[in-house]
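Before any comments, here is the structure.
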Amino acid sequence: MKLIQIRLKERGYDVIVGNNILGTFVEFLKKIDSANNIVIVTNPVIKRIWGKKIITLLSKKGINAKFEEVADTEKSKSIKTCFELINEIADFGKSRKLTIIAFGGGVIGDLAGFVASIYKRGIPYVQLPTTLVAQVDSAIGGKVAIDLKVGKNLVGSFYQPRLVFSETAFLDSLPKRELVNGLAEVIKYAVIKDSSLFEFLENNLAKVLTLDKDSVEYIIATSSQIKSRIVEQDELDKLGVRAILNYGHTIGHAIEAASGYSKRYTHGEAVGIGMIAANFISREFDLISKSAAQKIKNLLEQTGLPTTVEGVSPAKIYEAHHYDKKFTNGKNRFVLAVDIGKVKIVEGIPETAIKKAIDSICSQKR
Ligand code: NAD
Ligand code: GLY
């Protein structure tokens, strides 16, 4: 088991990572002085596979826990579901002190965390992430949000959990595509900060893909450590430090938006292709060596991530990239790799270079 502490101005919290550690979950809840009444926000898929285990664990220790289910879709990050959930929680919590457990992937974590941030002006919540994306990324750092029709994550808060508890055994039931989806974020961490994590992935990919316990614990703990150190430096994403977590995300988000957030590309798949496009720009300005850019592409490919976009026009992707939240004062902003383990933020990339980069990842030409 690995314990990573996040130290923030107001308070800190622990990120716990390990295999078959669920038995210790209640001990950690007690340490954070969690309420004796708990609402577990989840979806029917996760509840069916893991629900009994959790509720038995909690009730054995005398905790009064209740599930609140939302549909298994990104659409649950909506104002409607959010308010339905708050009403249910208010009903259960009438005269009780409550803690919320976000039990699921990033959708559940973002929604339940946002609900925790606004109900009674904020109540404690715990992240119990069940996808690789959530364990290495969304459960850590306190960005919680719901979507609007015009865009994702547009209504939200920075609201830190009291605890992140990453039981890697949850990944045993995760569909392969979702595992690969999360690996794109792990590769992102390796490229932005950690060449030894990159080498580890190159040398142990088969083990990771077959969920070898030690390898999985290593990549999740290392990614969590990287994200935690970044969040500590720039909790509110204002200093340009946390922004490096967006490597691959500018074109990645544009690919997701241009394909209508359909299941054509998962977030990780789009971000993987976005990393290749960002590296194309790095190459245009001679920021990264050809061999390093090729190594990144090879690792993405070997992981099972797509390296080109099929069936979405480059013009649509180009159009969509203008709506990126990372635009500041009308200027575009890209996180560009300069080596494996090092990135820099560059503003004002010429539009011609962006168009060429988008063309380079599209099988369909303009
Ligand atoms: P998700 O929450 O939709 O989960 C993916 C799928 O896996 C779902 O169908 C879910 O039911 C299923 N699933 C989850 N755990 C399972 C398990 N253990 N076994 C079997 N099936 C399981 O997707 P995600 O990739 O985890 O999260 C995506 C969301 O996270 C998006 O809304 C995105 O905006 C958000 N996100 C937020 C942050 C942040 O910093 N807050 C960072 C990255 C992503
Ligand atoms: N997922 C990006 C961030 O937490 O800042």
Side-chain angles (χ1 to χ4, degrees), residues 6 22 41-51 53-54 69-78 81 102-114 117 127-147 151-161 164 166-186 188-189 192 211 223-224 226-228 230-250 252-253 256-257 261 263 265-271 325-326 335:
I6 303 197
L22 208 53
V41 179
T42 193
N43 75 28
V45 174
I46 300 155
K47 188 181 166 203
R48 180 176 48 78
I49 308 173
W50 296 102
K53 216 165 178 177
I54 297 293
E69 286 177 62
V70 299
D72 180 17
T73 161
E74 174 73 26
K75 291 195 178 81
S76 286
K77 278 175 60 176
S78 66
T81 307
F103 183 39
V107 166
I108 297 289
D110 282 13
L111 169 70
F114 182 62
S117 79
Q127 291 276 12
L128 187 55
T130 62
T131 64
L132 185 58
V133 167
Q135 296 191 348
V136 298
D137 189 359
S138 60
I140 304 168
K143 277 191 184 177
V144 293
I146 56 173
D147 304 334
K152 268 172 64 97
N153 300 324
L154 290 178
V155 179
S157 340
F158 285 95
Y159 190 66
Q160 301 291 345
V164 179
S166 292
E167 162 60 86
T168 64
F170 288 145
L171 306 182
D172 291 347
S173 57
L174 197 64
K176 174 90 186 290
R177 192 176 179 198
E178 293 299 339
L179 180 71
V180 170
N181 179 26
L183 284 173
E185 298 288 358
V186 178
K188 173 195 81 179
Y189 288 118
I192 65 173
L211 294 178
S223 302
S224 303
I226 294 171
K227 179 150 186 187
S228 301
I230 290 173
V231 169
E232 279 175 347
Q233 292 172 61
D234 187 11
E235 183 182 354
L236 303 181
D237 205 359
K238 282 195 171 138
L239 308 175
V241 177
R242 192 162 177 168
I244 68 168
L245 293 171
N246 290 322
Y247 169 61
H249 283 59
T250 304
H253 281 153
E256 286 184 282
Y261 297 102
K263 292 268 171 203
Y265 292 104
T266 64
H267 175 71
E269 288 166 353
V271 165
K325 279 194 290 223
K326 288 170 287 302
V335 182

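First listed ligand is number 1; within each ligand, the first listed atom is number 1. Model, not experiment: these values are computed from the prediction.
- The side-chain heavy atoms of Phe103 and Pro129, taken from C-beta on, include no pair separated by under 4.5 Å.
- Side-chain N or O atoms of Gln160 include one that pairs as donor or acceptor with a backbone N or O of Gly142 at under 3.5 Å.
- Listed by number with element, the atoms of ligand 2 under 4.0 angstrom from any heavy atom of Leu245 are 3 (C), 5 (O).
- In this structure, His249 has no heavy atom closer than 4.0 Å to ligand 2.
- Although no hydrogens or angles enter the test, the distance criterion places a donor-acceptor pair under 3.5 Å between the side chain of Asp234 and the main chain of Arg242.
- Interface of Lys143 with ligand 2, defined as ligand atoms under 4.0 Å from a residue heavy atom, comprises 3 (C), 4 (O), 5 (O).
- Using a 4.0 Å cut-off between a side-chain N of Lys or Arg and a carboxylate O of Asp or Glu, Lys152 and Glu256 do not qualify as a salt bridge.
- Where the criterion is an N or O separation shorter than 3.5 Å, residue side chain and backbone included, Asn246 fails it with respect to ligand 2.
- When atom types are taken as modelled, the side chain of Ser157 and the backbone of Tyr159 share no donor-acceptor pair closer than 3.5 angstrom.
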Can you give me a line-by-line list of nitrogen or oxygen pairs between ligand 1 and the protein shorter than 3.5 Å?
unit_1, atom_1, unit_2, atom_2, d
ligand 1, 2 (O), Gly106, N, 3.1
ligand 1, 2 (O), Val107, N, 3.1
ligand 1, 9 (O), Asp72, OD1, 3.0
ligand 1, 9 (O), Asp72, OD2, 3.0
ligand 1, 11 (O), Asn43, ND2, 2.9
ligand 1, 11 (O), Asp72, OD1, 2.9
ligand 1, 11 (O), Asp72, OD2, 3.1
ligand 1, 15 (N), Thr130, O, 3.4
ligand 1, 15 (N), Thr130, OG1, 2.8
ligand 1, 18 (N), Thr130, O, 3.1
ligand 1, 18 (N), Phe170, O, 2.9
ligand 1, 18 (N), Ser173, OG, 3.4
ligand 1, 19 (N), Ser173, O, 3.3
ligand 1, 19 (N), Ser173, OG, 2.7
ligand 1, 26 (O), Gly106, N, 2.8
ligand 1, 26 (O), Thr131, OG1, 2.7
ligand 1, 27 (O), Gly106, N, 3.1
ligand 1, 32 (O), Glu74, OE1, 2.6
ligand 1, 32 (O), Glu74, OE2, 3.3
ligand 1, 32 (O), Lys77, NZ, 2.8
ligand 1, 34 (O), Lys77, NZ, 3.1
ligand 1, 34 (O), Lys152, NZ, 3.1
ligand 1, 34 (O), Asn153, ND2, 3.4
ligand 1, 41 (N), Asp110, OD1, 3.1
ligand 1, 41 (N), Lys143, O, 2.8

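- Put simply, the side chain of Gln135 gets close to the backbone of Glu167: a donor and an acceptor are under 3.5 Å apart.
- With respect to atom 1 (N) of ligand 2, the closest heavy atom belonging to the protein is Asp137 OD1, 3.2 Å.
- Classification of Asp147 and Lys75 as a salt-bridged pair fails, no side-chain N sitting under 4.0 Å from a carboxylate O.
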Practice problem: Could you walk me through whether Asp137 and Tyr189 pass the side-chain contact (heavy atoms from CB on, under 4.5 Å) test, one step at a time? | Solution: CA-CA 10 Å; Asp137 189 359; Tyr189 288 118; 3.8 Å; yes
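- For the pair Thr250/Val335, no side-chain contact is recorded, criterion being any heavy-atom separation below 4.5 Å from C-beta on.
- Using a 4.0 Å cut-off to heavy atoms of Lys227, the atoms of ligand 2 that qualify are 1 (N), 3 (C), 4 (O).
- Within the 4.0 Å heavy-atom criterion, neither part of Val231 lies near ligand 2.
- The shortest N/O to N/O separation between Asp237 and ligand 2 does not fall below 3.5 Å.
- Looking at residues two or more places apart in sequence or on another chain, you find a salt bridge (charged side-chain N to carboxylate O under 4.0 Å, His left out) between Glu269 and Arg177.
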